[in-house]
Amino acid sequence: MNNLSVKQKIDDCIAEIRKIEAIINVFGQNHEIVPFLTHYMVIKCCGTIENSFKAIISDYHSSTPIQARNYIEQTFTNSSLNPSKDNICKTLKKFDDNWNDDFKQRLSAEPNCNQLDASLRSLNNARNSFAHGGHPNASYINIKNYFLDSVRFIEILDDIIK
């Protein structure tokens, strides 16, 4: 990846996923701690995708005048925005139509494009369910797989915005 801080965020999240898996392996999948760890994974994984998506765009504009950087930070970087495919595309379009077009083309060229889209949607749905008092029914293995698939969105975005 070009954006090393984003790569570090993703690597850190993967390391936490491994630690959680190790804890679950020690206690067993039926232990009462597993739902709590799974809920943590939902928030951590989806938050990592959201922060990575925003950081790639924000970091690209780090050399613009301070006023523009402040505006981007206050209206975009510090806002709450689910990292859905639609939100990513809408945001890209606000900055550059070519970024949006390139992102859509690259994503649709992925051999497992439907799975990637479903994983990002599922990760967002799990976070929204938990954030609004619900209980996501995805397992920690599901969340891990959703996250790993969703990282591909970030890799494509990182390759487009250099």
Side-chain angles (χ1 to χ4, degrees), residues 1-21 37-64 68-132 136 138-162:
M1 289 194 58
N2 300 306
N3 190 312
L4 297 180
S5 69
V6 168
K7 181 181 181 338
Q8 187 62 55
K9 288 176 196 214
I10 291 169
D11 290 347
D12 290 347
C13 189
I14 290 170
E16 284 196 42
I17 290 170
R18 288 184 182 135
K19 289 176 186 175
I20 289 170
E21 284 183 309
L37 294 171
T38 302
H39 293 154
Y40 172 80
M41 276 180 64
V42 166
I43 300 302
K44 178 66 176 179
C45 290
C46 197
T48 298
I49 297 297
E50 178 181 354
N51 288 332
S52 296
F53 142 61
K54 290 178 177 180
I56 289 170
I57 294 171
S58 297
D59 291 354
Y60 176 83
H61 292 90
S62 64
S63 62
T64 60
R69 287 194 317 261
N70 287 341
Y71 179 78
I72 290 168
E73 185 174 325
Q74 291 174 18
T75 61
F76 172 64
T77 310
N78 294 338
S79 70
S80 178
L81 183 66
N82 281 333
S84 66
K85 177 183 169 185
D86 189 46
N87 284 342
I88 293 171
C89 290
K90 285 179 184 176
T91 300
L92 290 174
K93 191 168 180 62
K94 287 179 183 178
F95 283 97
D96 187 327
D97 284 332
N98 292 326
W99 284 354
N100 182 42
D101 293 341
D102 290 348
F103 180 76
K104 287 180 181 178
Q105 287 173 349
R106 291 277 307 276
L107 191 56
S108 66
E110 288 290 312
N112 57 345
C113 139
N114 291 334
Q115 177 184 326
L116 297 177
D117 191 34
S119 288
L120 184 59
R121 201 171 336 105
S122 295
L123 189 59
N124 275 296
N125 288 342
R127 177 171 83 169
N128 289 339
S129 172
F130 184 63
H132 296 285
S139 70
Y140 75 94
I141 294 169
N142 294 137
I143 300 303
K144 173 187 171 182
N145 291 333
Y146 298 158
F147 174 75
L148 294 175
D149 283 348
S150 297
V151 167
R152 188 65 189 129
F153 281 83
I154 302 305
E155 291 169 342
I156 293 169
L157 192 63
D158 181 69
D159 193 46
I160 290 168
I161 301 174
K162 302 180 197 175

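In this chain, residues are counted from 1 in sequence order. Only a predicted model underlies this, so the values are computations on that prediction, with no experimental measurement involved.
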What heavy-atom pair brings [X] and [Y] nearest, and what distance separates the two atoms?
X      : Y      : value
Thr38  : Ala138 : CG2-O, 3.5 Å
Gln115 : Asp149 : NE2-OD2, 2.8 Å
Ala126 : Val42  : C-CG1, 3.6 Å
Arg69  : Ser62  : CD-O, 3.1 Å

Just so I know, are the side chains of [X] and [Y] near enough to count as touching, which here means a heavy-atom distance under 4.5 Å?
X      : Y      : value
Thr91  : Phe76  : yes
Ile154 : Thr48  : no
Pro136 : His39  : yes
Lys162 : Asn3   : no
Phe103 : Ile161 : no
Tyr60  : Trp99  : yes
Val151 : Ile14  : no
Tyr140 : Ile17  : no

Side-chain donor-acceptor pair present, Ser139, Asn142, cut-off under 3.5 Å: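 Looking only at side-chain atoms, Asn142 and Ser139 do form a donor-acceptor pair, the distance falling under 3.5 Å.
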Residues Gln74 and Asn70: side-chain donor-acceptor under 3.5 angstrom: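 Gln74 vs Asn70: no donor-acceptor pair found between side chains.
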Whether His61 and Phe95 hold their rings parallel, tilted or perpendicular, with breakpoints at 30° and 60°: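 Correct class here is tilted.
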Glu155 and Arg152 ion-paired at < 4.0 Å: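 Looking at Glu155 and Arg152, the cut-off is met.
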Lys/Arg N to Asp/Glu carboxylate O, Arg106 vs Asp102, below 4.0 Å: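 Between Asp102 and Arg106 there is no salt bridge, as every charged N stays at least 4.0 Å from the carboxylate O atoms.
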Lys54 NZ: over 12 foreign heavy atoms closer than 6.0 Å: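 Result for NZ/Lys54: enclosed.
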Test side chain to side chain contact (heavy atoms under 4.5 Å, CB included) applied to Ile57 and Asp96, Ile88, Leu92, the passing residue: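 Going through Asp96, Ile88, Leu92 one by one, the side chain to side chain contact (heavy atoms under 4.5 Å, CB included) with Ile57 is satisfied by Leu92 alone.
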[atom1]-[atom2] distance between [X] and [Y], expressed to the nearest 0.5 angstrom:
X      : Y      : atom1 : atom2 : result
Leu37  : Lys19  : CG    : NZ    : 13.0 Å
Arg121 : Asn114 : CZ    : CG    : 8.5 Å
Met41  : Ile143 : CE    : CD1   : 6.5 Å
Ile156 : Glu110 : CD1   : CD    : 4.0 Å
Leu148 : Ile10  : CG    : CD1   : 10.0 Å
Cys13  : Ile49  : SG    : CD1   : 7.5 Å

Test side-chain contact (heavy atoms from CB on, under 4.5 Å) applied to Leu120 and Tyr146, step by step: CA-CA 6 Å; Leu120 184 59; Tyr146 298 158; over 6 Å; no
Do the side chain of [X] and the main chain of [Y] share a donor and acceptor less than 3.5 angstrom apart?
X     : Y      : answer
Asn87 : Pro83  : no
Asn82 : Asn124 : no
Ser58 : Ala55  : no

Single hit among Arg127, Lys9, Lys44 for salt bridge (charged side-chain N to carboxylate O under 4.0 Å, His left out) with Glu50: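 It is Arg127; the other options fail the test.
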Residue pair Ser150, Ser119: steps toward the side-chain hydrogen bond (donor to acceptor under 3.5 Å, both in side chains) verdict: CA-CA 6 Å; Ser150 297; Ser119 288; 5.7 Å; no
Gln8 vs Asp12, side-chain hydrogen bond (donor to acceptor under 3.5 Å, both in side chains): CA-CA, chis, key distance, verdict: CA-CA 6 Å; Gln8 187 62 55; Asp12 290 347; 2.6 Å; yes
